[in-house]
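Down below is the structure, laid out as structure tokens.
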Amino acid sequence: MSLAVRFAEYGTPDVLRVVDVPPLTAGPGQVRLAVHAAGVNPIDWKILNGFMRQVMPLGLPAGLGSDVAGVVDQVGEGVTAFRVGDEVLGASLTPSYAESALADPAALVAKPASVPWEVAATLAGSGITAWEVLNKLKLSAGETLLVHGAAGGVGTFAVQLAVARGARVIGTASERNHEQLRSFGAEPVTYGTGLVDRVRAISPQGVDAVLDASGRGEIPDSIELAGGPTHVLSLVAFDAASTGIQVHMAEPGAGGPEALRGILALIEAGRLQVPIAGTYPLDEVAAALAVSQSGHPGGKLVVLPA
């Protein structure tokens, strides 16, 4: 038996339990991981609360987590990409808030020895999403990107990836996060009433593209600043699709490994930081999700099963 976090009913983090579960077995084309760290994402508490049950129906009891970093301890038939003992990171097939998880080798990459486990476990969901949306926005060097929610999970990656691509980045965030954004190479502004004026004060011609990762209602302002809806993309404002903006479902695609390798190269070169706000053992996952749901973690949250 091994330990895993499970919930038998939708609700607040208080419904989570750490339970014994039968050992997993890697099937054909799969690997099994001894999980060293699992990243916490907002989608996890949204699933727990039942907000996603219409689009992601679950059979209960169920687990949480998909970002994972660990050591391959079993290899299924036909797998040649990894061997037992390899340190990897990426996305799991089974819930990653657990001591053990299954994964598709195509969703994993090798973990560099210089990258800590807690950092490695945060890259798949937010990092791949940020990489993909920047590609969708076709942002070029010298252009200006406005990021709403710039200090959040996806925003943190998007800001730094855009800076690495040679873009100028303006990021909306609360004042307590402005210094961090400056350290990432962004120009921070506060969100809320008067946003258009504050952005135009530092970028009179507006911006070339907007990434909305906050959902605070800035779509009209974003369209005005970008000169139209074509170059505005939201991760959350699905109800604004009728305005002509792009909307993006945060699901790592076929380009995931490429994105992860690119992100890892920037981390190793010291050009991308991943602030870790807290680490939690399995029996404190409820606390981690409560912090995530508060909307003010100040960095990535990580579960450490081992």
Side-chain angles (χ1 to χ4, degrees), residues 5 12-14 16 35-49 64-70 89-92 95-98 111 114-131 147-161 163 169 171-186 188 190-191 211 213-216 235-236 250 260 263-264 266-267 270-306:
V5 173
T12 66
D14 292 338
L16 295 171
V35 179
H36 281 235
V40 175
N41 290 299
I43 188 69
D44 299 329
W45 58 260
K46 292 177 183 178
I47 291 172
L48 177 65
N49 279 269
L64 295 168
S66 59
D67 283 15
V68 69
L89 64 97
S92 62
S96 59
Y97 295 179
K111 185 190 83 68
S114 61
V115 177
W117 287 110
E118 60 269 26
V119 170
T122 68
L123 306 183
S126 298
I128 294 174
T129 297
W131 185 282
V147 179
H148 297 305
V154 174
T156 294
F157 284 100
V159 165
Q160 296 179 87
L161 289 173
V163 168
V169 180
T172 68
S174 58
E175 289 191 13
R176 67 176 179 276
N177 292 317
H178 283 193
E179 190 55 41
Q180 184 183 78
L181 290 182
R182 292 189 185 95
S183 75
F184 293 160
T190 53
Y191 46 75
L211 168 59
S214 76
R216 293 181 181 273
L235 301 177
V236 286
L260 289 173
I263 291 168
L264 287 167
L266 290 172
I267 291 173
R271 300 177 64 193
L272 192 151
Q273 306 170 48
V274 184
I276 303 298
T279 59
Y280 302 80
L282 280 181
D283 59 2
E284 294 181 14
V285 165
L289 291 184
V291 172
S292 178
Q293 191 166 357
S294 75
H296 305 292
K300 297 294 286 185
L301 306 172
V302 184
V303 177
L304 302 177

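For this chain, numbers begin at 1 and follow the sequence in order.
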To the nearest 0.5 Å, tell me how far [X] [atom1] sits from [Y] [atom2].
| X | Y | atom1 | atom2 | value |
| --- | --- | --- | --- | --- |
| Leu64 | Leu48 | CG | CG | 5.5 Å |
| Leu181 | Glu175 | CG | CD | 12.0 Å |
| Asn177 | Phe184 | CG | CZ | 9.0 Å |
| Leu161 | Leu266 | CG | CG | 6.5 Å |
| Glu284 | Leu304 | CD | CG | 10.5 Å |

Determine yes or no for a side-chain-to-main-chain donor-acceptor pair under 3.5 angstrom, with [X] supplying the side chain and [Y] the backbone.
| X | Y | value |
| --- | --- | --- |
| His36 | Pro305 | no |
| Thr129 | Gly125 | yes |
| Asn49 | Lys46 | no |
| Ser66 | Ala91 | no |
| Gln293 | Pro42 | no |

Worked check of side chain to side chain contact (heavy atoms under 4.5 Å, CB included) between Val68 and Leu89: CA-CA 6 Å; Val68 69; Leu89 64 97; over 6 Å; no
Restricting to non-hydrogen atoms, name the atom on [X] and the atom on [Y] that form the minimum distance, rounded to 0.1 Å.
| X | Y | value |
| --- | --- | --- |
| Ala290 | Pro13 | N-CG, 4.1 Å |
| Ala98 | Val35 | O-CB, 3.2 Å |
| Phe157 | Ile263 | CE2-CG2, 4.2 Å |
| Ser92 | Gly65 | OG-O, 4.0 Å |
| Ala151 | Gln180 | CB-OE1, 4.3 Å |
| Leu301 | Ala288 | CD1-O, 3.3 Å |

Kindly indicate whether the side chain of [X], heavy atoms from C-beta on, has any atom under 4.5 Å from the side chain of [Y].
| X | Y | result |
| --- | --- | --- |
| Asp44 | Val285 | no |
| Pro275 | Thr156 | yes |
| His148 | Tyr191 | no |
| Thr172 | Thr190 | no |
| Leu16 | Tyr97 | no |

Gln160 vs Arg271, test: side chain to side chain contact (heavy atoms under 4.5 Å, CB included). Steps then yes/no. CA-CA 8 Å; Gln160 296 179 87; Arg271 300 177 64 193; over 6 Å; no
I need the single residue from Val302, Leu289, Thr122, Thr279 that forms a side chain to side chain contact (heavy atoms under 4.5 Å, CB included) with Val40. Which is it? Leu289
So, using side chain to side chain contact (heavy atoms under 4.5 Å, CB included) as the criterion, who are the partners of Val115 when residues are at least two apart? Pro112, Val119, Ala120, Leu264, Ile267, Glu268
For Trp45, give me all partners under ring pair (Phe, Tyr, Trp, His ring centres under 6.0 Å), at least two apart in sequence or on another chain. none
I'd like to know if the side chain of Lys300 pairs up with that of Ser126 as donor and acceptor (distance under 3.5 Å, no hydrogens or angles considered). yes
